[in-house]
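What follows is a single structure, written as structure tokens, with notes after it.
All values reported here derive from a predicted model rather than from experimental measurement. FYI, side chains are in, hydrogens and waters are out, and symmetry mates aren't considered; it's all heavy atoms of this structure.
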Amino acid sequence: MSIKKLLIMSLFSVLALNSVSAESVELPFIRGMAESSELKYKKVALSEIRNLIQEGSMTGTKEGEVVSILNYLACEGVVSLRYESLRLDNDYIMVRNEAVRLLGQTGRSDALDTLMTVLQNDTSTLVLSSAVTSCGEIGLTHERMNPLFTRVLKGHKSYYRDDALISDTLRAVRVISAQNGSAFWSSELRSALVDVAVPGSGYGRNTRKLAAEVLGEL
């Protein structure tokens, strides 16, 4: 057994038995748990990061390291692939979803590149919905965000045509527009909003109504 795995197992036992606070857990150990092949350790890493964010104890270097760990977890099984006996061994949708969700809570603009990568490559509508929501939470314009949101709303990939994903994308567009103005959005994105809003688009009534409302606000 590797030294890293022994350290991870030891830390996991301490956390479970002694309820060590998140603030006292060193980031190298959190990264070690995140990079473990064991799902349970990845969950511990996410739990510790969640606590750090909620406690507001991330500053400077610590915040950057946390975002780096979340970037790693958000792309596992999609961009960062690990195979065991020809089988993909790190495709954990719930881990990616939580990592993407927490990236939005960091409020860090340097998390946007990872969120854009997720939107381009992930096939889980759950993860994609969290990605667009996190983009809205960060609320900053980004040169890749406009065309990617347009492709989602246009349904350029089959799994984009999901009612919940489209609704979350519309809400993200609304939040970003409220914070940064509507001039950022292209004519192509406005056309995509029309495509969602019209009867016969295939989306639910509430989603179509939301698209019309957002279009009217741009």
Distance, nearest 0.5 Å, that separates [atom1] of [X] from [atom2] of [Y]:
X	Y	atom1	atom2	answer
Gln105	Arg101	CD	CZ	4.5 Å
Leu170	Lys209	CG	NZ	13.5 Å
Ile69	Met33	CD1	CE	8.5 Å
Leu46	Asn51	CG	CG	11.0 Å
Tyr160	Ile166	OH	CD1	10.0 Å
Thr133	Ile138	OG1	CD1	11.5 Å

Hey, are the side chains of [X] and [Y] touching, using non-hydrogen atoms and a 4.5 Å cut-off?
X	Y	value
Leu193	Leu218	yes
Tyr203	Arg161	yes
Lys40	Lys43	no
Phe149	Ile176	yes
Cys135	Met116	yes
Asn206	Ser167	no
Ser186	Leu189	yes
Met145	Leu115	no

Closer than 3.5 angstrom, by distance alone: can the side chain of [X] be matched with the main-chain N or O of [Y] as a donor-acceptor pair?
X	Y	value
Ser129	Thr125	yes
Lys157	Arg151	no
Asn97	Ile93	no
Ser191	Ser187	no

Check against side chain to side chain contact (heavy atoms under 4.5 Å, CB included), Val67 and Asp110: CA-CA 8 Å; Val67 170; Asp110 55 353; 4.1 Å; yes
Closest non-hydrogen atom pair between [X] and [Y], with its separation:
X	Y	answer
Ala34	Ala45	N-CB, 3.8 Å
Ser130	Val100	C-CG1, 3.5 Å
Ser36	Tyr41	OG-CD1, 3.4 Å
Asp122	Ser124	OD1-N, 3.0 Å
Ala74	Ala99	N-CB, 3.7 Å
Arg174	Leu210	NH1-CD1, 3.7 Å

What residue among Glu98, Met94, Arg96 forms side chain to side chain contact (heavy atoms under 4.5 Å, CB included) with Val127? Arg96
Pair Ile30-Glu65, side chain to side chain contact (heavy atoms under 4.5 Å, CB included): steps then yes or no: CA-CA 10 Å; Ile30 296 179; Glu65 178 67 12; over 6 Å; no
Check step by step if salt bridge (charged side-chain N to carboxylate O under 4.0 Å, His left out) holds for Glu188 and Lys154. CA-CA 9 Å; Glu188 288 80 8; Lys154 285 280 191 182; over 6 Å; no
Can you list the steps and then say if Arg31 with Ser68 is a side chain to side chain donor-acceptor pair (under 3.5 Å)? CA-CA 9 Å; Arg31 177 171 286 280; Ser68 174; 2.6 Å; yes
Hphob cluster co-occupancy, Val175 + Leu103, side-chain heavy atoms under 4.5 angstrom: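 Looking at the clustering, Leu103 is in a separate group from Val175.
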Side chain to side chain contact (heavy atoms under 4.5 Å, CB included) for Leu215 and Arg190? Distances and angles first, verdict last. CA-CA 7 Å; Leu215 183 63; Arg190 295 168 194 266; 4.2 Å; yes
Let's go through Leu102 and Leu73 carefully: what are the C-alpha distance in whole Å and the side-chain angles of both, what is the deciding distance for side chain to side chain contact (heavy atoms under 4.5 Å, CB included) to 0.1 Å, and is it a yes or a no? CA-CA 11 Å; Leu102 291 173; Leu73 291 172; over 6 Å; no
